[in-house]
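So you know, we letter chains A, B, ... as the sequences are listed, proteins then strands, and number each from 1.
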Protein chains: 2
Amino acid sequence: MTTTTPERYAIGDFAKAVGLTAPTLRYYEKAGLIEPHRLENGRRYYEAADINWVKFLLHLKGTGMSISELQQYVAWRAAGDETIPQRLALLKHVKEDFLVQFNEVQHHLQILNDKINWYEEKEAGITQDHEDFSSYLQRFGHHE
Amino acid sequence: MTTTTPERYAIGDFAKAVGLTAPTLRYYEKAGLIEPHRLENGRRYYEAADINWVKFLLHLKGTGMSISELQQYVAWRAAGDETIPQRLALLKHVKEDFLVQFNEVQHHLQILNDKINWYEEKEAGITQDHEDFSSYLQRFGHHE
DNA sequence: GGTTGACTTAAAGTACACTTTAAGTTGTAA
DNA sequence: TTACAACTTAAAGTGTACTTTAAGTCAACC
């Protein structure tokens, strides 16, 4: 009977696995977001499960959470299941903010698209007269 | 017969009209993004058309364009119609980057939603056993 | 056994987009 | 006319999230 040793990643390999740099991992660790294990010689090592954790952190970060919000989340997580309501409230708040931003950027994209189309129409009929961008927008009901 | 004087905004009023602060408007002006008019006493004033311009800049900014990209855009705009191809190429590049980011944040949102649901299910059946988040994600095909 | 690359730490530096300060001038309302 | 708010400038400061540097230890390969 054999025991499978859990795979160990040195910081450089782990960094590649999660798409970060070694200094960024040390920075996150200092911020309390990650707690790698250590070899006897003092070097960090990470395990497969740590990959999921970091990737999850990066998803939260990608929804707009700041490092300090992540720190709060991690602190509540460490405090145990009685902080689930707080964590849930935080994530819901993050989601609400996200959705507001999401609607805004969709509108920004619409204007960007309209401007691209306006330039393309302008380029297509290079010698003709053209309406300006504001009235062009109004034809589509795309205000501001 | 009367001539309607175009409406003039002092910097504070204009700031309110576009949702920025007066210092930010001065900052944008220093960056070359805005060129307000001046009264004889040296004070800036803005007109209605400037509102559209600033709002358009903010839309571009909202799609991810940096100040320096906006500067490039504005420089090409000032150079006249022969730079339309460059402007178009810039905006299309911005759009491509935007769409990549857009897909990424949608995935981040999905994971955030999954986590919220996972917590809510965990809260609902507080005394029961629960699967961990990774396997929960896999049930929906929401990887990483 | 020596060289190269990866690791360790703490601290300083960077990039971006503003924001604030300081010192002074001007316009408006009581 | 006095006081207060809004304007002017240049320069310094802020917040966020890293990134880079410096000085040293350690491990792996030829």
- Within the structure shown, what part of the strands sits under 4.0 Å from A10(B) by heavy-atom distance: base, sugar-phosphate, or nothing? sugar-phosphate
- [ ] Using a heavy-atom cut-off of under 4.0 Å over every strand shown, decide if R26(B) touches base, sugar-phosphate, or nothing.
- [x] base
Would you say [X] places a side-chain N or O within less than 4.0 Å of OP1 or OP2 belonging to [N]?
X: R43(A); N: dA6(C); answer: no
X: R44(A); N: dT9(C); answer: yes
X: T21(B); N: dT19(C); answer: yes

Integer-rounded Å distance: [N] [atom2] and [X] [atom1]:
X: E29(B); N: dT8(D); atom1: CD; atom2: C1'; result: 11 Å
X: F14(A); N: dT8(C); atom1: CZ; atom2: C1'; result: 18 Å
X: Y28(B); N: dC16(C); atom1: OH; atom2: C1'; result: 11 Å
X: L25(B); N: dA6(D); atom1: CG; atom2: P; result: 15 Å
X: Y9(A); N: dC7(C); atom1: OH; atom2: P; result: 14 Å
X: L20(A); N: dC18(D); atom1: CG; atom2: C1'; result: 11 Å
X: R38(B); N: dT25(C); atom1: CZ; atom2: P; result: 17 Å
X: K16(B); N: dA5(D); atom1: NZ; atom2: P; result: 13 Å

Quick note, side chain to side chain donor-acceptor pair (under 3.5 Å) partners involving residues 89-101 of chain B, not counting sequence neighbours, are N113(A)-K95(B), E120(A)-K92(B)
Using the benzene-type ring in the case of Trp, are the ring centres of H59(B) and H107(A) under 6.0 Å apart? yes
State which of [options] makes the closest approach to the side chain of [X].
X: N41(B); options: dC18(C), dT9(D), dT26(C); answer: dT26(C)
X: I11(A); options: dA17(D), dC18(C), dT8(C); answer: dT8(C)
X: K61(A); options: dT9(C), dA10(C), dA17(D); answer: dA17(D)

Residue pairs passing the salt bridge (Lys or Arg N to Asp or Glu O under 4.0 Å) test with at least one member in residues 17-32 of chain B, sequence neighbours excluded, are E29(B)-R38(B), E29(B)-R44(B)
| Six-ring centre of W53(B), R77(B) cation under 6.0 angstrom, axis tolerance 45° | yes
Between S68(B) and P23(B), whichever has its closest DNA chain C nucleotide further toward 5' is S68(B)
Polar side-chain atom of Q71(A) near backbone of A31(A) as donor-acceptor pair, under 3.5 Å | yes
